[in-house]
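Structure, as structure tokens:
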Amino acid sequence: SEYIDMVAQTLTVDPDAIRSEIRNFERTNLPQVERIVKNVTKSKSVLTKAQKILLSVFFVPDSPKTFTQIYELIGDIQFEDEILTNVKSTIDKLIRTVNNVKELIEHLYTEYVENSEAQALISELITTAEVYKGLSEEDFESVINETINKINRCEHLKESEQIRKMYIGVNDDDPEALKIQMQLRDKINNRLK
């Protein structure tokens, strides 16, 4: 930033114009691979964030839905991250025996007393849940459904990308190529429905 200001002053040019040119240069000269990696990482972080939001609904104080209703709404969503999967599994067991969010939190912290990563996740879920406090039952259910839709979209994108990579790696004359083409066609048809 200081160098940009010095150059701008020396050339008597607006510093923002130089910053804009630098951004344009970086955009056009970044290797394509780096951009793809950033998009894949972004997609993965979107999926993880959505999964955390989905788990956080169990921690909403004075939730308009019971634990059982939330569990039924979420259904059989698979979590990608191992810690998310473990915490979700523990929540599934605990909601049968606890009566409220406070008890759920206490039991979870006790369960993961020696797992700092899981405790950090639980704290993050509790903080995220505060955003949804006071929602009407309809809005609360909408949050859950929209989050599930986002997770499903991310999963479909991930699956399509895997199939595309497989397709690129096979020879067109190979019978495997035909199988992959059919899988791709089915994916596309399912999306259009």
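Judged as a salt bridge (Lys or Arg N to Asp or Glu O under 4.0 Å), the pairs with a partner in residues 53-71 (not counting sequence neighbours) are, in order, Lys65-Glu137, Lys65-Glu141. Screening residues 81-95 for side chain to side chain donor-acceptor pair (under 3.5 Å), with sequence neighbours left out, gives Lys88-Asp92, Thr90-Tyr112. Within the structure, salt bridge (Lys or Arg N to Asp or Glu O under 4.0 Å) contacts touching residues 110-127 (residues at least two apart or in different chains) are Lys52-Glu124.
Closest of all the heavy-atom pairs between Ile77 and Ile148 is CD1-CG2, 3.8 Å. The two residues Val13 and Ala17 make their nearest non-hydrogen contact at CG1-CB, 4.3 Å. Contact detail for Ser56 and Ala129: the closest heavy-atom pair is O-CB, 3.3 Å. Contact between Thr147 and Ala50 at its shortest, heavy atoms only, is CG2-O, 3.0 Å.
Partners of Lys150 under the side-chain hydrogen bond (donor to acceptor under 3.5 Å, both in side chains) rule, at least two apart in sequence or in another chain, do not exist in this structure. Applying the side chain to side chain contact (heavy atoms under 4.5 Å, CB included) test to Glu130 and every residue at least two apart in sequence or in another chain returns Pro61, Lys133. Considering only residues two or more places apart in sequence or on other chains, Thr66 meets the side chain to side chain contact (heavy atoms under 4.5 Å, CB included) condition with Thr68, Gln69. Judged as a side-chain hydrogen bond (donor to acceptor under 3.5 Å, both in side chains), and not counting sequence neighbours, the contacts of Asp139 are Ser136. With sequence neighbours left out, the side chain to side chain contact (heavy atoms under 4.5 Å, CB included) criterion links Val131 to no other residue. Contacts of Asn99 classified as side chain to side chain contact (heavy atoms under 4.5 Å, CB included), with partners at least two apart in sequence or in another chain: Glu103. For Tyr109, the side-chain hydrogen bond (donor to acceptor under 3.5 Å, both in side chains) criterion is met by Ser123, not counting sequence neighbours. In this view, Asn149 satisfies the side-chain hydrogen bond (donor to acceptor under 3.5 Å, both in side chains) rule with no residue, not counting sequence neighbours.
From Ile18, atom CD1 reaches atom CG of Leu11 across 6.0 Å, with rounding to the nearest 0.5 Å. If you take CD1 on Ile83 and OG1 on Thr48, they are separated by 11.0 Å, rounding to the nearest 0.5 Å. Note: Asn152 CG to Leu157 CG = 11.0 Å, rounded to the nearest 0.5 Å. Going from atom OG1 of Thr128 over to atom CG of Leu121 covers 9.0 Å, rounded to the nearest 0.5 Å. Here the CD atom belonging to Glu80 is positioned 10.5 Å from the CD1 atom belonging to Ile151, to the nearest 0.5 angstrom. Summarising the geometry, atom CD1 belonging to Ile105 is positioned 11.5 Å from atom OG1 belonging to Thr110; distances are rounded to the nearest 0.5 Å.
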- Before giving the answer on side chain to side chain contact (heavy atoms under 4.5 Å, CB included), spell out for Phe140 and Ile70 the whole-Å C-alpha distance, their side-chain angles and the decisive distance to 0.1 Å. CA-CA 10 Å; Phe140 188 76; Ile70 294 170; 4.0 Å; yes
- Task: Go through the steps for Ile4 and Ile22 under the test side chain to side chain contact (heavy atoms under 4.5 Å, CB included), then give the verdict.
- Result: CA-CA 10 Å; Ile4 290 173; Ile22 290 172; 3.8 Å; yes
- side chain to side chain contact (heavy atoms under 4.5 Å, CB included) between Ser63 and Val57, worked out: CA-CA 8 Å; Ser63 169; Val57 297; over 6 Å; no
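Taking 4.5 Å as the limit, every side-chain heavy atom of Phe67 sits out of range of all side-chain heavy atoms of Ile91. The closest side-chain heavy-atom distance from Tyr132 to Ile53 is below 4.5 Å. Side-chain contact check for Val101 versus Phe58: every heavy-atom pair is 4.5 Å or farther apart.
Ion pairing between a basic and an acidic side chain is recognised when a charged N comes within 4.0 Å of a carboxylate O; Arg19 and Asp14 show no such pairing.
Without hydrogens or angle criteria, Thr12 side chain to Gln9 main chain gives no donor-acceptor distance under 3.5 Å.
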